[in-house]
Colleague: 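Here's a structure for you.
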Amino acid sequence: MKACGIVVEYNPFHNGHLLHAQQSRQKTDSDLVIAVMSGNFLQRGEPAILPKQERAEMALRSGVDIVFELPYHFAVQHASIFAEGAVKLLHAAGCSSICFGSENGRIEPFLDQLKLEKEQHDSLQEAIREQMKLGISYPSAAARGYRQLFEHKAGLDLSRPNNMLGYQYIKAADLFSSVMTPYTIKRTASEYHDETLHETYISSATSIRKKVLEEGLSTVKKHVPEATFLMTEAYINNGGQLMSWEPYWPFIQHTLLTSSPQSLKDIYEMEEGIEYRLIAAAASSSFHEFMHQVKTKRYTWTRIQRILTHLLTKTLKTDVQQNSSPSYLRMLGMTGKGREYLNIHKNDFALPVISKLSRKHEELCAIDIRASRTYAMGFSDPIYRQKMISRDYTAPPVIL
């Protein structure tokens with residue numbers, strides 16, 4: 001069986017994701033689609049609006065055949081590390097292709113860009129260093145450096161978020177000589193960061209989350225597949241909570257108010273003395289107010305959110321250094337076709353598959369277990385919170 005791999009977050013699963021899964025299968029002429037999905041905390045450093053198990057099942061009910069979890073130490077990361085972890089997992093699972101959405105929509109400019117970057121690697125690094133001297137963040141400096149050297153040569157605008165992330169997938173696959181063939185699909189209708197729903201009902205996850213949290217689930221019914229709507233409705237009716245940063249603010253505030261700068265330096269991504277800035281703003285009345293106080297041109301919203309996520313989960317620099325490469329495939333769910341693929345190909349996988357977490361996996365999956373338990377602490381209902389704390393052990397993979 002021929003599998004196409006996709007890298008996703010599904011926060012939540014919406015009509016654009018449905019289109020991506022369908023077109024990936026068609027464009028690559030694959031028998032099934034395998035998704036590597038971030039867990040309860042996401043790449044931009046924020047809690048997922050719905051737990052990973054619900055998001056995985058939504059995907060399985062809407063065209064995806066297998067969902068593996070992207071481990072925390074790759075999921076909450078800069079784009080290059082995020083992409084490297086995800087691509088390695090898809091490669092390990094035997095995918096013959098990878099398909100991503102992009103603003104460009106053509107694969108050739110991505111491949112041309114990679115060739116140019118290899119040829120002018122030293123010049124690019126120097127251009128990025130010069131931009132960093134202006135006091136801007138690394139992602140902005142990298143985007144400017146790329147444009148300065150390559151924009152008119154490769155025709156790929158790396159200031160666009162999906163282009164940049166897609167390019168990181170291409171680089172990661174090339175880095176360890178993966179045999180996966182890359183494909184891309186043009187992103188249509190809404191932009192990645194759009195905060196308003198689109199009239200075509202292909203809306204960004206950002207706009208859908210904003211609308212749901214402010215005005216309720218019914219306002220986005222046409223913008224998500226039926227499975228997403230019905231499952232989210234049932235989740236809420238059964239005591240589930242749609243998550244955002246605010247429920248976690250008391251935990252962050254307590255840590256910052258009771259910690260010294262020296263004690264925070266071991267937290268992953270806590271660099272350049274930013275711990276002093278975080279502590280100084282810790283008396284803020286809300287997470288939103290706090291973020292506006294600490295954000296600067298150099299310390300972007302995303303960068304600060306990632307630092308706070310690592311602070312919340314007690315993820316240390318040594319934790320990430322010890323887990324520099326994926327060592328397992330954590331199964332979140334599969335369809336009948338996905339099970340058939342596993343039965344045929346599992347013995348050829350480059351990594352072991354963990355389908356049911358047990359005590360023997362505690363050391364291997366320590367960071368993921370800690371992240372799940374941290375996520376659970378944001379739930380206000382004590383009974384639901386207790387259920388979520390142990391869910392990694394009690395919830396089997398979703399099988400449709």
Colleague: Please identify each residue that fulfils side-chain hydrogen bond (donor to acceptor under 3.5 Å, both in side chains) with Ser30, with sequence neighbours left out.
Modeller: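 Ser30: side-chain hydrogen bond (donor to acceptor under 3.5 Å, both in side chains) contacts with Thr28.
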Colleague: Just by distance, with hydrogens left out, do Lys27 and Ser97 show a side-chain donor and acceptor under 3.5 Å apart?
Modeller: no
Colleague: Going by distance alone, is a donor N or O of one side chain under 3.5 Å from an acceptor N or O of the other, for His78 and Gln168?
Modeller: no
Colleague: Consider only side-chain N and O atoms of Tyr328 and Asp368, and report whether a donor and an acceptor are under 3.5 Å apart.
Modeller: yes
Colleague: Any side-chain heavy atom of Ser102 within less than 4.5 Å of one from Ile185?
Modeller: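 No, side chains not in contact.
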Colleague: Taking the basic N atoms (NZ, or NE/NH1/NH2) and the acidic carboxylate oxygens, is any pair closer than 4.0 Å for Asp112 and Arg106?
Modeller: no
Colleague: Can you check whether Pro182's main-chain N or O pairs, donor with acceptor, with Tyr169's side chain at less than 3.5 Å?
Modeller: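 It does not hold such a pair.
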Colleague: Between His20 and Phe13, is a ring pair (Phe, Tyr, Trp, His ring centres under 6.0 Å) present by the stated rule, with each step listed?
Modeller: CA-CA 11 Å; His20 176 217; Phe13 191 99; 9.6 Å; no
Colleague: In chain order, what residues pass the side-chain hydrogen bond (donor to acceptor under 3.5 Å, both in side chains) check against Glu289, with sequence neighbours excluded?
Modeller: Ser285, Gln293
Colleague: Working note: Arg306 + Glu271, criterion salt bridge (Lys or Arg N to Asp or Glu O under 4.0 Å); need CA distance, chi angles, decisive distance, verdict.
Modeller: CA-CA 12 Å; Arg306 277 203 294 262; Glu271 308 286 354; over 6 Å; no
Colleague: Please tell me whether Gln43 and Ser38 have a donor and an acceptor in their side chains that are separated by less than 3.5 angstrom.
Modeller: no
Colleague: In terms of side-chain heavy atoms, does Thr302 have a donor or acceptor partner in Arg44 at a distance below 3.5 Å?
Modeller: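 Note: Thr302 and Arg44 side chains meet the donor-acceptor criterion.
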Colleague: List for me each residue that meets salt bridge (charged side-chain N to carboxylate O under 4.0 Å, His left out) alongside Glu275, sequence neighbours excluded, and say none if there are none.
Modeller: none
Colleague: Can you name the residues that form a ring pair (Phe, Tyr, Trp, His ring centres under 6.0 Å) with Tyr183, not counting sequence neighbours?
Modeller: none
Colleague: Can you sort out the partners of Glu362 under salt bridge (charged side-chain N to carboxylate O under 4.0 Å, His left out), two or more places apart, ordered by chain and number?
Modeller: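 Applying salt bridge (charged side-chain N to carboxylate O under 4.0 Å, His left out) to Glu362 gives Arg359.
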Colleague: Grouping I, L, V, M, F, W and Y whenever their side-chain heavy atoms are under 4.5 Å apart, do Phe68 and Leu42 come out in a common cluster?
Modeller: no
Colleague: Taking only residues two or more places apart in sequence or in another chain, which ones pass salt bridge (charged side-chain N to carboxylate O under 4.0 Å, His left out) with Lys295?
Modeller: none
